[in-house]
Every structure is written in structure tokens, then in C-alpha cells.
Undergrad: 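Can you keep this structure in mind? I'll have questions shortly.
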Amino acid sequence: SRSFRAKLTNFSLIRESVTSHAARCAEKLRSEQSCARHISVILQTSPFSRSDEYYSGYRSMNMEMPSNDSIDIITAANSLLKTIYKRGFLYKKSGVIVGDIIPQNQVQLNLFSKNRTVNRIKLYRSVDFINQTMGRDKVQILGQGILKREKLNKENLSPCYTTRWSDLLQVSC
């Protein structure tokens with residue numbers, strides 16, 4: 001899950017965030033050669049806001065077939081998001097959780113999944129290779145948004161005393 005930099009009310013921006021979370025879950029599942037049977041989506045407002053009403057939405061579902069396919073996981077996450085999203089709230093946090101994880105070589109396929117699965121395995125092998133070698137999100141699902149994400153605020157970043165020479169303290173006597 002991730003907190004938004006600002007509070008969001010716009011459904012399409014929240015959907016982009018959930019899509020990014022779901023894509024990251026699928027990527028991690030593929031890197032571990034695993035598949036998930038269960039998916040959950042979380043959406044909540046700030047519990048600390050005195051002026052806004054608090055709302056926390058959570059919905060889960062079992063997937064038809066265990067998967068590590070980005071499109072399957074994103075589709076499931078977005079359908080769950082539609083059921084918990086309520087208009088008029090200022091949302092602060094969203095998240096996607098995958099569970100009931102099994103090794104991908106133990107997935108029981110159904111009659112219609114064979115061709116689609118083989119083609120998608122080749123596709124995601126290429127996408128994951130590009131993203132690992134060229135940098136994260138060089139190839140991504142369009143639903144993740146095309147605008148640059150806000151970078152971490154460097155003012156609040158702690159110095160890296162143990163990993164960067166320039167951050168070491170200097171003492172003059």
C-alpha cells in the first residue's frame with residue numbers, strides 16, 4: 001500500500017495508483033515464480049484528519065485461476081476498487097494485497113487458458129527483462145498513468161552516512 005502525497009478524490013487517479021500496486025504485485029509474483037489465488041484492495045482516508053470523515057474500504061476475492069499475469073491481477077483489483085470507492089471522500093492511502101500464493105508450476109490450468117498463458121508468459125518475460133535492465137517502469141500498463149510520478153521529497157531524506165562519502169560528518173579542530 002502507499003500513501004498519496006496529497007489527498008485524492010478523483011477516481012481515475014486512485015485507479016492509477018491501484019493499477020500500479022497491482023502491476024508491482026504481479027511483477028513480484030513472477031520474479032518469485034509464484035501465482036496468487038486471492039486478491040484484496042484497500043482504500044482509506046486519513047484517520048488523523050479532524051475536518052474530514054474517516055472511511056476505510058476493504059474488499060477481497062478469489063481469482064478464477066491462480067495467476068501472476070499483470071492484466072488478470074489489475075482487472076481484478078480495479079473491479080474490487082469500484083465496489084469500495086465512495087464519492088466525496090478525500091482518500092489518503094490505497095493498496096493491493098495478493099495471497100494464497102502457490103508455485104507457478106503447480107497451477108491447474110483450464111481448457112481455455114493454454115494458448116493465452118503461453119503467449120503471456122513470453123510477453124511478461126520480455127517486459128520484466130526490459131524493466132530489470134533499463135529501469136523500473138520503462139514498459140508499463142497504460143492504466144498506471146503516463147505522467148511522471150512525484151519524486152521523494154529530498155528535504156526529508158536522512159543523510160547516508162554509511163553509503164556515501166559526501167554525507168560523512170566533517171569535524172574541524
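Computed from a predicted structure; not experimentally measured.
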Undergrad: Any side-chain heavy atom of I39 within less than 4.5 Å of one from M63?
TA: yes
Undergrad: Check V98 against A36 and note the closest heavy-atom contact, atom names and distance.
TA: CB-CB, 3.7 Å
Undergrad: Quick one: do F11 and L43 end up in the same hydrophobic cluster if we chain Ile, Leu, Val, Met, Phe, Trp and Tyr together by side-chain heavy atoms under 4.5 Å apart?
TA: yes
Undergrad: Testing the basics here: between A23 and S70, what is the closest heavy-atom pair and its distance to 0.1 Å?
TA: O-OG, 4.3 Å
Undergrad: Applying the side-chain contact (heavy atoms from CB on, under 4.5 Å) criterion to V18, which one of I74, N78, L80 satisfies it?
TA: N78
Undergrad: Checking side-chain contact (heavy atoms from CB on, under 4.5 Å) for the pair H21/S17: CA distance, chi angles, key distance, verdict?
TA: CA-CA 6 Å; H21 293 313; S17 175; 3.4 Å; yes
Undergrad: Of all the heavy-atom pairs spanning S67 and D72, show the shortest one and how long it is.
TA: OG-OD2, 3.2 Å
Undergrad: Identify the two heavy atoms, one from Y54 and one from S46, that lie closest to each other, and give their separation to 0.1 Å.
TA: CD1-O, 3.8 Å
Undergrad: If you look at every heavy atom in V96 and A22, which pair is closest and at what distance?
TA: CG2-N, 3.9 Å
Undergrad: Walk me through whether R15 and L81 qualify under side-chain contact (heavy atoms from CB on, under 4.5 Å).
TA: CA-CA 7 Å; R15 186 179 59 217; L81 175 64; 4.0 Å; yes
Undergrad: Please check: side-chain N/O of S56 versus main-chain N/O of Q44, any donor-acceptor pairing under 3.5 Å?
TA: no
Undergrad: Does this structure show an ion pair linking R24 with E27, if we count only N-O contacts that are shorter than 4.0 Å?
TA: yes
Undergrad: Just verifying a value: how many Å separate I84 CD1 and S79 OG, rounded to the nearest 0.5 Å?
TA: 10.5 Å
Undergrad: Could you tell me if the side chain of N62 sits less than 4.5 Å from the side chain of H38, heavy atoms only?
TA: yes
Undergrad: Look only at the side chain of R30 and the backbone of N68, and say whether a donor-acceptor pair between them is shorter than 3.5 Å.
TA: yes
Undergrad: Donor-acceptor pair, distance only, cut-off 3.5 Å: does the side chain of Y91 make one with the backbone of K86?
TA: yes
